[in-house]
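Heads up, the thing below is written out as structure tokens.
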Amino acid sequence: QVQLVESGGGLVQAGGSLRLSCAASGRTFSRNAMAWFRQGPGKERDFVATISWSGGSIFYADSVKGRFTISKDNAKSTTYLQMNGLKPEDTAVYYCAAGRNLILKGSQVDYWGQGTQVTVSS
């Protein structure tokens, strides 16, 4: 019954904004840390941001720091990624992830979502 479902992806122009959502159900209603990863064409799946269950600990990849904001609403079992100042190099499939502890790499992920496409045009 574990499920993570991303939404909010789409096509935007450089400099624009998008807000991604990750809705969790099943055992992911538990006190999981959450994270976002992304995978561009021909690239590996890279860490983007993570947040502890309480929201007290947050870390970002250097490439998105100052532009992206991760947040969560535990009452709604939903994690968000607000993306501002988007650049063409941000184009990727964005994946939601959950783990028992704060997530900084893929090996710490227990559950993955299916991904949502973000395309940034120049």
Side-chain angles (χ1 to χ4, degrees):
Q1 300 299 318
V2 176
Q3 189 174 15
L4 301 175
V5 180
E6 302 96 331
S7 62
L11 174 64
V12 297
Q13 292 186 331
S17 298
L18 282 174
R19 187 197 194 200
L20 306 183
S21 298
C22 174
S25 62
R27 294 197 299 275
T28 56
F29 279 100
S30 299
R31 297 171 62 171
N32 289 307
M34 304 297 296
W36 291 93
F37 288 73
R38 66 185 182 183
Q39 187 167 19
K43 296 184 177 181
E44 67 278 6
R45 188 173 296 187
D46 289 331
F47 168 79
V48 175
T50 189
I51 185 169
S52 62
W53 178 84
S54 67
S57 296
I58 295 174
F59 294 96
Y60 297 97
D62 288 341
S63 58
V64 307
K65 193 173 298 182
R67 299 188 297 121
F68 291 10
T69 303
I70 188 171
S71 63
K72 66 189 318 203
D73 185 339
N74 287 337
K76 296 181 179 179
S77 297
T78 301
T79 304
Y80 305 96
L81 186 68
Q82 178 67 46
M83 306 185 295
N84 299 324
L86 284 163
K87 305 174 181 179
E89 51 262 45
D90 294 319
T91 295
V93 177
Y94 283 71
Y95 296 91
C96 180
R100 289 183 176 272
N101 300 297
L102 198 67
I103 298 165
L104 296 174
K105 55 186 179 181
S107 62
Q108 296 172 309
V109 173
D110 293 323
Y111 307 103
W112 293 98
Q114 295 298 312
T116 185
Q117 177 71 48
V118 172
T119 302
V120 184
S121 62
S122 59

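Sequential numbering from 1 along the given sequence is applied to the chain's residues.
- For residues 35-85, there are no disulfide bond (SG atoms under 2.5 Å apart) pairs, not counting sequence neighbours.
- Applying the disulfide bond (SG atoms under 2.5 Å apart) test to every pair with at least one member in residues 39-76, sequence neighbours left out, gives no pairs at all.
- In plain terms, the two heavy atoms of V118 and L18 that are nearest each other are CG1-CD1, 3.9 Å.
- Under the disulfide bond (SG atoms under 2.5 Å apart) criterion, no residue pair touches residues 45-74, with sequence neighbours excluded.
- Residues meeting the ring pair (Phe, Tyr, Trp, His ring centres under 6.0 Å) test with F47, sequence neighbours left out: F37.
- With sequence neighbours excluded, the residues satisfying side-chain hydrogen bond (donor to acceptor under 3.5 Å, both in side chains) with Q117 are T119.
- Partner of M34 under the side chain to side chain contact (heavy atoms under 4.5 Å, CB included) criterion, chosen from T79, N74, T78: T79.
- Of all the heavy atoms in L86 and R67, the pair that sits closest is CA-NH1, 4.0 Å.
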Residues 101-109 side chain polar contacts: donor-acceptor under 3.5 Å, at least two apart:
unit_1: Q108; atom_1: OE1; unit_2: L104; atom_2: N; d: 2.7
unit_1: Q108; atom_1: OE1; unit_2: K105; atom_2: N; d: 3.2

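- Residue pairs meeting the salt bridge (Lys or Arg N to Asp or Glu O under 4.0 Å) criterion with at least one partner in residues 36-61, sequence neighbours excluded, are R38-D90.
- Residues in residues 80-122 take part in these disulfide bond (SG atoms under 2.5 Å apart) pairs, two or more places apart or across chains: C22-C96.
- Annotation: salt bridge (Lys or Arg N to Asp or Glu O under 4.0 Å) contacts involving residues 49-62, sequence neighbours excluded, comprise D62-K65.
- Nearest heavy-atom pair across A14 and S122 is CB-CA, 4.5 Å.
- Checked against side-chain hydrogen bond (donor to acceptor under 3.5 Å, both in side chains), Q82 has the following partners two or more places apart in sequence or in another chain: N84.
- Qualifying side chain to side chain contact (heavy atoms under 4.5 Å, CB included) partners for S121, counting only residues two or more places apart in sequence or in other chains: L11, Q13.
- Scored by the side chain to side chain contact (heavy atoms under 4.5 Å, CB included) test, A49 finds Y60, I70, L81 as partners (sequence neighbours excluded).
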